[in-house]
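These numbers come from the heavy atoms of this one structure, side chains and all, not from hydrogens, waters or symmetry mates.
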Amino acid sequence: MATGGTSLAPDRAASRVTGAGGGRSGPHPKATTVSAATAPAIQIDRHMAPPFLGCRVMRRPWLRPSLWMVAACGTARGPGRLGASRLGGEAQGADRPRLLSGRCRHRSPLLSRRRRMADKLIPREKGFSEWYVDLVQKAKLADYSDVKGCMVIRPNGFALWESIQRALDKMFKDTGHRNAYFPLLIPLSYLKKEAEHVEGFNPQLALVTVAGGKQLEEPYAIRPTSETIINATFAKWIQSYRDLPLLINQWCNVMRWEMRTRLFLRTTEFLWQEGHTCHETEEEAERETRQMLEIYRTFAEEHMAMPVLAGRKSESERFAGALRTYSIEAMMQDKKALQAGTSHNLGQNFAKAFNTQFLGRDGQQHYVWQTSWGVSTRLIGGLILTHSDDSGLVVPPKLAASHVVIIVIGKGEERARVVERAQALAADLRRVGLGVSVDDDESKSPGFKYFEYELQGVCLRVELGPKDLAKEQCVMVRRDTRVKEFAPLSGAVARAQALLESMQKDLFARAKQFRDEHTFEVNTYDELKARADDGFMLAHWCEKPSCEAKVKEDTSATTRCRPFALEQVPGKCVVCGEPSPGRMVVAKAY
RNA sequence: CGGGGCGUAGCGCAGCCUGGUAGCGCGCCUGCCUUGGGCGCAGGAGGUCGGAGGUUCGAAUCCUCUCGCCCCGACCA
């Protein structure tokens with residue numbers, strides 16, 4: 001979307017409007033209530049708890065079983081209401097470790113000190129994660145909200161999501177998928193139908209137990225993912241093999257109650273896309289699963305300029321209810337891995353749970369073979385952690401909404417002439433599809449603007465002043481290299497396009513080089529332990545969960561995936577020495 | 001829940017020990033001035049000191065309780 005002159009301007013006007021006019025209208029009497037927001041909800045929770053306990057309770061021994069649901073969803077309360085301590089102090093642990101908050105006055109000392117000094121970002125060297133949080137906020141990508149664990153995505157951040165959506169949506173449509181929408185609320189009984197699925201997601205559920213002022217007979221879960229409710233629907237849509245394949249995608253929000261959240265990378269509510277398909281045969285489902293993973297890989301590398309390794313997940317990282325899970329894994333600048341997308345071959349697990357059958361070519365009833373796949377707003381976190389620097393956000397041109405900002409320099413009559421010329425140039429640049437804004441604000445100095453636009457990640461800065469006009473030229477500065485050059489105005493559009501194109505390529509090349517430089521084989525367990533912080537370790541693994549667990553225990557690194565790109569030669573497990581089918585990427589992960 | 005830290009203006013902080021007119025920087029508003037890497041000057045607006053009790057003639061400051069937040073751990077896409 002072409003941006004006008006205001007696209008990157010601080011969204012002051014908007015916040016003013018909200019601040020003044022957007023007053024709270026009191027709670028609607030019929031408002032749907034999320035569980036634990038009212039006392040009665042707790043009772044339901046207690047009542048509901050035992051059937052879903054699963055083994056999670058065992059892993060969290062400090063939680064009393066009767067309060068289990070409070071742990072899972074008891075934190076779904078409005079800010080400042082009904083502290084867990086009022087439940088008799090038994091569920092204290094439930095809502096403790098939340099990270100995001102709208103009212104965090106207290107940053108780390110590092111952050112505070114830095115904030116006092118101008119508007120500079122904390123450099124990555126000083127604290128990578130501080131840098132990230134600082135950047136997200138200063139580049140106006142997202143803000144904390146008053147709901148714990150939930151963020152506000154600001155226009156600059158949402159523009160990135162829109163770019164991601166636009167590109168992926170086209171790729172989905174080009175491969176025959178169609179968009180649809182399913183309800184936010186899922187009957188709890190649906191989630192229970194697939195045993196492993198409910199066990200996997202149970203601890204992360206938020207429940208709605210009161211609606212229209214009455215207790216619901218059966219609570220609804222706010223979707224953590226939609227396999228169940230979609231299957232309940234698919235079962236009605238599918239009659240025969242002629243109805244297959246069924247290729248559906250949904251863009252929506254989901255909610256998973258996390259103990260610890262980070263802007264974009266892991267938030268309680270997030271935006272994503274979930275594809276759900278049904279096929280006649282297992283082979284076809286597998287092909288679809290791999291095809292969608294390949295689409296993710298292509299998108300990540302070609303649009304986001306983020307190199308990824310595509311491969312198969314270990315058993316312990318497999319999606320709850322799937323046969324097999326594949327993922328793409330990217331390396332962030334701190335050498336940690338980020339799972340950037342997943343694709344699951346669901347087999348017939350959900351089909352059996354929901355009786356999703358079709359009459360086959362053979363005249364017999366068969367369960368459909370299914371897949372599901374998704375990427376989320378986490379990609380924005382990945383984008384930031386891959387390309388950005390100490391000056392702020394860096395966005396690959398293919399994903400950027402703001403490609404060029406033209407900064408007007410000069411005063412008086414001269415300035416008027418410069419503005420005129422800048423507008424003409426902007427129009428030319430927009431004509432070739434670029435997002436362009438002209439900054440004509442006289443109240444801020446040019447230098448201030450340079451910093452500001454670098455912070456916000458505009459790909460290309462054009463400076464235009466009286467001296468330039470005299471020479472029929474302008475100054476162009478690429479965001480990634482920050483190299484200045486003079487370009488003749490007559491060829492400015494072509495030059496801008498060329499710079500953006502090479503910027504896209506260079507960003508990918510740089511990221512890939514970094515990833516490759518920090519990817520290495522490890523052949524002994526000592527080596528693995530010693531180099532766990534150095535990046536992607538390629539290690540033989542026998543596929544026994546115990547060896548994987550030991551690695552995690554000793555190093556906090558986990559298996560990421562077994563990459564397809566890596567020629568799989570058998571070897572010996574780096575932990576136990578037993579036969580391994582091939583090398584696995586092992587790394588510390590987000 | 002275990003271990004640390006903290007609530008004072010939009011943001012970042014000082015003041016508290018030793019009770020007595022609530023301050024500083026940034027930001028914001030107005031005007032003038034400036035404009036090629038975070039201009040300057042002058043004026044101005046903005047705070048129930050997280051909340052509730054208590055002590056006191058008097059509480060941001062002392063005492064008690066309470067609410068909330070951040071970091072590390074445990075959990076997890």
Side-chain angles (χ1 to χ4, degrees), chain A residues 10 12 15-16 19 56 59-64 71-72 79-86 89-120 129-130 133 137-138 144 146 148 200-201 203-204 224-225 254 256-262 265-268 270 272 313 317 319-320 325 327 338-342 374-378 381 391 407-412 414-415 418 441-455 461 463-468 474-475 477 482 484 556 558 589-590:
Chain A
R12 259 183 248 139
S15 47
R16 257 198 218 118
R56 310 306 285 213
R59 290 194 218 148
R60 308 166 80 180
W62 62 89
L63 291 178
R64 302 266 294 278
R81 249 181 280 151
L82 193 71
S85 55
R86 289 193 205 157
E90 296 165 277
Q92 299 263 348
D95 63 340
R96 188 59 41 167
R98 301 248 55 96
L99 176 72
L100 298 180
S101 150
R103 303 236 165 106
C104 50
R105 290 200 181 130
H106 300 284
R107 313 237 142 68
S108 75
L110 180 63
L111 196 51
S112 311
R113 215 176 306 128
R114 271 325 187 120
R115 294 222 157 166
R116 228 178 308 167
M117 306 169 53
D119 266 313
K120 264 200 176 122
S129 107
E130 301 277 16
V133 172
Q137 293 181 93
K138 287 193 175 141
Y144 291 106
D146 285 340
K148 285 183 204 170
F201 280 107
Q204 291 182 286
T225 179
V254 289
R256 296 180 187 177
W257 221 264
E258 298 289 350
M259 303 200 79
R260 193 160 170 208
T261 54
R262 302 190 72 180
L265 297 169
R266 174 173 285 110
T267 47
T268 297
F270 56 93
W272 78 343
K313 282 291 201 184
E317 302 256 340
F319 174 74
T325 289
S327 73
L338 182 78
Q339 177 176 302
T342 50
V375 298
S376 71
T377 34
R378 169 180 265 196
S391 303
I407 303 205
V408 171
I409 296 160
K411 53 181 173 179
E414 271 185 332
R415 186 185 182 87
V418 176
D441 184 354
E442 280 195 78
S443 71
K444 301 217 161 64
S445 72
F448 179 87
K449 294 174 186 175
Y450 300 165
F451 283 104
E452 199 62 20
Y453 289 115
E454 278 170 10
L455 187 59
R461 176 174 83 238
E463 302 166 16
L464 197 61
K467 292 182 208 164
D468 299 312
C474 63
V475 176
V477 186
R482 298 208 289 164
K484 269 189 200 201
S556 88
T558 50
Y590 273 95

Visitor: Can you check the Lys444(A) NZ to C26(B) C1' distance for me, whole Å?
Guide: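 Going from Lys444(A) (NZ) to C26(B) (C1'), I get 14 Å.
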Visitor: Tell whether Glu454(A) reaches the base of G38(B) with its side chain through a donor-acceptor pair below 3.5 angstrom.
Guide: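 A donor-acceptor contact between them is absent.
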Visitor: Taking the C1' atom of each, how far is C13(B) from U18(B), in whole Å?
Guide: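 To the nearest whole Å, 22 Å.
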Visitor: How far does the C1' atom of G23(B) sit from the matching atom of C16(B), given to the nearest Å?
Guide: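 Here G23(B) and C16(B) have their C1' atoms 14 Å from each other.
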Visitor: Can you tell me the pairing partner of C62(B) across any strand shown, Watson-Crick or G-U wobble, with both distances under 3.5 angstrom?
Guide: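 Matched C62(B) with G54(B) under the 3.5 Å cut-off.
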Visitor: If you assign Leu464(A) and Ser376(A) each to the RNA chain B nucleotide with the nearest heavy atom, which residue ends up on the more 5' nucleotide?
Guide: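 Final value for this comparison: Leu464(A).
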Visitor: Looking for any heavy atom pair under 4.0 Å, which part of the strands does Gly374(A) touch: base, sugar-phosphate only, or nothing?
Guide: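 The answer is nothing, as Gly374(A) stays clear of every strand by at least 4.0 Å.
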Visitor: How far does the P atom of A52(B) sit from the matching atom of A45(B), given to the nearest Å?
Guide: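 Those two atoms are separated by 28 Å.
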Visitor: For the pair Arg461(A) (side chain) and Val477(A) (backbone), establish whether a donor and an acceptor sit closer than 3.5 Å, ignoring hydrogens and angles.
Guide: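 No: the side chain of Arg461(A) does not pair with the backbone of Val477(A).
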Visitor: In the strands shown, is A42(B) matched to any nucleotide by a Watson-Crick or G-U wobble pair with both distances under 3.5 Å, and which?
Guide: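 With both distances under 3.5 Å, A42(B) matches U30(B).
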Visitor: Which sits closer to the 5' end of RNA chain B, Gln339(A) or Val477(A), going by the nucleotide each is nearest to?
Guide: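 By nearest-heavy-atom nucleotide position, the 5'-most residue is Val477(A).
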Visitor: Identify the nucleotide, in any strand shown, that forms a Watson-Crick or G-U wobble pair with C13(B), with both distances under 3.5 Å; if there is none, say none.
Guide: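 The base-pairing partner of C13(B), which may sit in any strand shown, is G23(B).
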Visitor: When we call it a touch if two heavy atoms are under 4.0 Å apart, what does Leu265(A) touch: a base, just sugar-phosphate, or nothing?
Guide: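 Base, at least one base heavy atom under 4.0 Å.
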Visitor: Is there a stack between Phe451(A) and G38(B), judged by ring centres under 5.5 Å and planes under 30°?
Guide: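 Stacked: ring centres under 5.5 Å, planes under 30°.
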Visitor: OP1 or OP2 of U35(B) less than 4.0 angstrom from a side-chain nitrogen or oxygen of Lys411(A), does that happen here?
Guide: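 So the side chain of Lys411(A) is within the cut-off, an N or O lying under 4.0 Å from OP1 or OP2 of U35(B).
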Visitor: Taking the side chain of Arg415(A) as its heavy atoms from C-beta onward, which of A77(B), G37(B), U35(B) lies nearest to it?
Guide: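 Among the listed nucleotides, the one closest to the side chain of Arg415(A) is U35(B).
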Visitor: Can you see whether Tyr590(A) has Arg266(A) sitting over its ring - NZ or CZ less than 6.0 Å from the centre and within 45° of the normal?
Guide: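 Judged by the rule (NZ or CZ under 6.0 Å from the ring centre, within 45° of its axis), Arg266(A) is not positioned above Tyr590(A).
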Visitor: How long is the line joining CD of Gln137(A) and P of C26(B), in whole Å?
Guide: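 Rounded to the whole Å, the gap is 22 Å.
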Visitor: Would you mind reading off the distance between Arg482(A) atom CZ and G37(B) atom C1', rounded to a whole angstrom?
Guide: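 Arg482(A) atom CZ is separated from G37(B) atom C1' by 9 Å.
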Visitor: In whole angstroms, how far is the C1' atom of C32(B) from the CD atom of Glu442(A)?
Guide: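 Atom-to-atom, Glu442(A) to C32(B), this comes out as 14 Å.
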Visitor: Using the P atom on both, measure G12(B) against C70(B) and round to a whole Å.
Guide: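 Going atom to atom, P in each nucleotide, I get 13 Å.
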Visitor: Scan every strand shown for a Watson-Crick or G-U wobble partner of G7(B), both distances under 3.5 Å, and answer none if you come up empty.
Guide: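 Across any shown strand, G7(B) pairs with C67(B).
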Visitor: Rounded to whole Å, please give me the gap between CH2 in Trp257(A) and P in A77(B).
Guide: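 Computing the Trp257(A):CH2 to A77(B):P distance gives 18 Å.
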Visitor: Nearest whole angstrom, please: distance from the C1' of U34(B) to the CZ of Phe448(A).
Guide: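 Phe448(A) atom CZ is separated from U34(B) atom C1' by 15 Å.
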Visitor: Please check the phosphate of G73(B) (OP1 and OP2 only) for any side-chain N or O of Arg260(A) closer than 4.0 Å.
Guide: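 For G73(B), OP1/OP2 do have a side-chain N/O of Arg260(A) under 4.0 Å.
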Visitor: Roughly how far apart, to the nearest Å, are G46(B) and U30(B) at atom C1'?
Guide: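 Going atom to atom, C1' in each nucleotide, I get 15 Å.
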Visitor: Students often get this wrong, so: under 4.0 angstrom with heavy atoms, is Val408(A) touching a base, only sugar-phosphate, or nothing?
Guide: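 Counting heavy atoms under 4.0 Å across all strands, no contact is made by Val408(A).
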Visitor: Whole-Å distance between U35(B) P and Asp468(A) CG?
Guide: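 Interatomic distance, CG of Asp468(A) to P of U35(B): 16 Å.
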Visitor: Quickly work out the Lys467(A) NZ to U35(B) P distance and round it to whole Å.
Guide: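 Rounded to whole Å, this separation is 11 Å.
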